Amino acid sequence: FEEKKKLPPAQLKVREGELILSAISPESKVIALDERGKSFSSEGFATKLGDWRDEGHSDFVFIIGGADGLADEVRRRADLILQLGEMTWPHQLVRVLLAEQLFRAQSIWSGHPYHRA
């Protein structure tokens with residue numbers, strides 16, 4: 001979600017947070033990507049998602065914040081705040097990195113040789 005109105009950065013972050021939160025169901029497991037989040041190995045990330053899956057969760061929402069980061073309300077709603085490293089990445093590249101890690105997690109679960117650990 002992206003707010004199209006030109007707002008000051010603080011207001012924009014709040015508005016983006018409102019848009020994001022309005023689209024999340026209460027049953028969703030929310031993973032917010034943030035450079036101050038927890039880092040995982042690929043195996044650890046697969047384990048975390050697999051544990052939630054095994055507990056019966058099937059709706060996962062991944063949130064990539066805007067240029068000014070995530071609103072506090074979004075961070076509080078998150079079940080996990082995840083970092084993909086300490087460097088700052090462009091949003092389009094974060095999508096690719098996340099997609100690859102989700103594919104890798106599935107490969108780890110299935111014992112596929114794609115993940116060579």
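When reading the values below, keep in mind they use all heavy atoms of this one structure, side chains included, and skip hydrogens, waters and symmetry mates. Here the structure is a predicted model, which is why all the values come from computation and not from measurement.
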Going by side chain to side chain contact (heavy atoms under 4.5 Å, CB included), name the residues that satisfy it together with Ser110, two or more places apart in sequence or in a different chain.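 If we apply the side chain to side chain contact (heavy atoms under 4.5 Å, CB included) test to Ser110, skipping adjacent residues, the hits are Gln106, His112.
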
Residues that Gln11 engages under side chain to side chain contact (heavy atoms under 4.5 Å, CB included), provided they are two or more places apart: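 Expected list: Leu7, Pro8.
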
What one should report as the nearest heavy-atom pair of Gln101 and Ser42 is OE1-OG, 2.8 Å

Would you list the atom pairs, donor with acceptor, under 3.5 Å between side chains in residues 57-64 and any protein atom, with sequence neighbours excluded?
from	atom 1	to	atom 2	distance (Å)
Asp59	OD2	Ser25	OG	3.3
Asp59	OD2	Ser28	OG	2.4

Of all residues at least two apart in sequence or in a different chain, which pass the side-chain hydrogen bond (donor to acceptor under 3.5 Å, both in side chains) check with Gln92?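 Per chain and number, Gln92 pairs via side-chain hydrogen bond (donor to acceptor under 3.5 Å, both in side chains) with Arg95.
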
Pairs satisfying salt bridge (charged side-chain N to carboxylate O under 4.0 Å, His left out), at least one member in residues 21-30, at least two apart: Lys29-Asp79

Which pairs with one or both residues in residues 12-24 pass salt bridge (charged side-chain N to carboxylate O under 4.0 Å, His left out), sequence neighbours excluded? Glu3-Arg15, Arg15-Glu18

Hydrophobic cluster membership, [X] vs [Y], 4.5 Å side-chain cutoff:
X     : Y      : value
Leu80 : Trp109 : yes
Leu49 : Phe40  : yes
Leu93 : Phe45  : yes

Do the non-hydrogen side-chain atoms of [X] and [Y] ever get within less than 4.5 Å of each other?
X     : Y     : result
Leu12 : Pro9  : no
Leu98 : Trp89 : no
Leu82 : Lys38 : no
Leu33 : Ile81 : no

Identify every side-chain donor-acceptor pair in residues 65-75 under 3.5 Å, counting partners at least two apart or on other chains, and give the distances.
from	atom 1	to	atom 2	distance (Å)
Arg75	NH1	Asp34	OD1	3.4
Arg75	NH1	Asp34	OD2	3.0

Any side chain to side chain donor-acceptor pair (under 3.5 Å) pairs touching residues 46-55, not counting sequence neighbours? none

Mind checking salt bridge (Lys or Arg N to Asp or Glu O under 4.0 Å) for Glu35 and listing every partner two or more places apart, or none if nothing turns up? none

